[in-house]
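Worksheet for the structure shown next.
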2 protein chains.
Amino acid sequence: MERGDRLFRTGDVLSSIFVVRDGGFKTVVLRENGEEQVLGFHLPGDLVGLDAVGLGNHRCDAVALTSTNVCEIRFEDLAGAFADLPSLHKQLLRLIGQHSNRDQDHMAILVRPQANERIALFLLNVAGRYRLALFPVHAFKLPMSRGDIARYMGLASETVSRGFSRLQDDGVIALQGRVVTILNAGALGRLAQHEEMIEPPRHNERRVACIHGAV
Amino acid sequence: MERGDRLFRTGDVLSSIFVVRDGGFKTVVLRENGEEQVLGFHLPGDLVGLDAVGLGNHRCDAVALTSTNVCEIRFEDLAGAFADLPSLHKQLLRLIGQHSNRDQDHMAILVRPQANERIALFLLNVAGRYRLALFPVHAFKLPMSRGDIARYMGLASETVSRGFSRLQDDGVIALQGRVVTILNAGALGRLAQHEEMIEPPRHNERRVACIHGAV
DNA sequence: CGCTCATTTGAAACGAATCAACAATCGTGG
DNA sequence: CCACGATTGTTGATTCGTTTCAAATGAGCG
């Protein structure tokens, strides 16, 4: 699939669940006033489409953020297999539970009153997910735009941009466009919990991203 | 159960699901820094405990907000019935889907950048849920404190209080402590969507709550 | 009736949204 | 391969709104 393509749209009947192999998706709802709200990001290894399991219809659009590669699981096959393998039910329930955990992480971000905390949490979140799915990496490329991140976190895109720049100035992360390198995970964790930066940045001038060849 | 009692705690293994008959609950998580985040409110007719279906353990505490009355459904009974009645699965999945819809409503509140929009959405939300469960009422008593509402919406409790007062001054709602009367649902809906108040308040002085005997 | 806790309200400081301009990046086609 | 246009990202200045701290009021409960 290419960037901008939709895996499914709001209202579509549930026919398949997808596993992201490569690339990334966002799931979005369009509010009555025309604004787009980003419900979640789906990175390699993640499932897309579980939102329709409850009622049988999708409640959001799944939009490809980049060129993507997905694995399709036809739901009727799954339903047929349920009768034979009761354990599959537990499996599905566990998946749904994980999905719900994602929502909870999202809410944990949204309730923070401070933009910097939200941004720090977001980065830790994404980094953790990449760490699970791929081999541990210090640098990863965000497939989504700053605007998407903003609409995910309930902030203006300028605020996201400023927050990223600030983290770079403080030597917590290095930025190269959408490529993020976490330089100081400890500091990021403290920022996510409203604690002040304890170790001050070593230099005040913005350093160029030195990703020691990992990019 | 009495106010403050816990139906279950974080980490408890899933043993039962509950239906709220009377009163209300909040589900909360305690963050590492000691702060409490309110994940949801459970009013009469609502289910509590679905959070554990995915992994088998509860991921939050369920705290009674008032004296309450619940109906317990032992999960093992349910699991046994699954083998006999495959349709029960769909039923459970639908319930989970509804639960997920709640989370989505919650996020729709949290992404609003403006406190007034969040508060308007919250009131519409709660009113809609009371309308579903009980006979239509214009006045209802919130079982939760302003602080709980604030922790649910990611605001300071003072901001919630101010927002309520503002809505009262504008003649959109009437307040009597925790009893809320919606006087102008249309205006509330418009406020929830960032639109300005079109019809100005008829009087500037704060009116006393006139709930025409419904309380 | 007096206590404690919840709620309301005020004033000030801080932070984010907004508006606006600019730089950088990407994709496209010459 | 480079030039171009369009999108995306960054940065600055201002305005608006929320948090915070503080105090007063009100309600619920023993």
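Residue numbers begin at 1 in each chain, while the letters A, B, ... track the order of the sequences. Hydrogens, waters and symmetry mates are skipped; everything else that's a heavy atom, side chains included, is used.
Protein atom CG of N116(A) is 19 Å distant from nucleotide atom P of dT18(D), rounded to whole Å. Computed from coordinates, the E2(B) CD to dG28(D) C1' distance equals 15 Å when rounded to whole Å. Atom C1' of nucleotide dG15(C) and atom CD1 of I119(A) are separated by 12 Å, given to the nearest angstrom. Rounded to a whole Å, the CZ atom of R178(B) is 13 Å from the C1' atom of dG26(D). Taking atom CG on L175(B) and atom C1' on dA27(D), their separation rounds to 15 Å, with Å as the unit. Remark: C1' of dA17(C) and CZ of R118(A) are 12 Å apart, rounded to the nearest angstrom. Rounded to an integer number of Å, the gap from CD of E158(A) to C1' of dA24(C) is 16 Å. Put simply, CD on E35(A) is 14 Å from C1' on dT18(C), counting in whole angstrom units.
For the segment residues 143-155 of chain B, residues with any heavy atom less than 4.0 angstrom from an atom of DNA chain D are, sorted by number, G154(B), L155(B).
For R166(A) and D169(A), the salt-bridge test fails: no basic side-chain N is under 4.0 Å from an acidic carboxylate O. Between D148(B) and R151(B) there is a salt bridge, with a side-chain nitrogen of the basic residue lying less than 4.0 Å from a carboxylate oxygen of the acidic one. Salt bridge annotation for K26(B)-D61(B): absent, with no cationic side-chain nitrogen under 4.0 angstrom from a carboxylate oxygen.
Listed for the D51(A) side chain is no donor-acceptor partner under 3.5 Å among the backbone atoms of H58(A). The backbone N or O of R112(A) sits less than 3.5 Å from a side-chain atom of R118(A), completing a donor-acceptor pair.
Using bins of under 30°, 30° to 60° and over 60° for the plane-to-plane angle, the ring pair F122(A)/F41(A) lands in the perpendicular bin.
In the set dT8(D), dT11(D), dA16(C), the nucleotide with an atom closest to the side chain of Q114(A) is dA16(C). Checking dT8(C), dT20(D), dA17(C) against the side-chain heavy atoms of R162(B) singles out dT20(D) as nearest. Across dG9(D), dT8(D), dA17(C), the shortest atom-to-atom separation from the side chain of R3(A) is found for dT8(D).
D22(A) approaches P44(A) most closely through the heavy-atom pair CA-CG, 4.3 Å.
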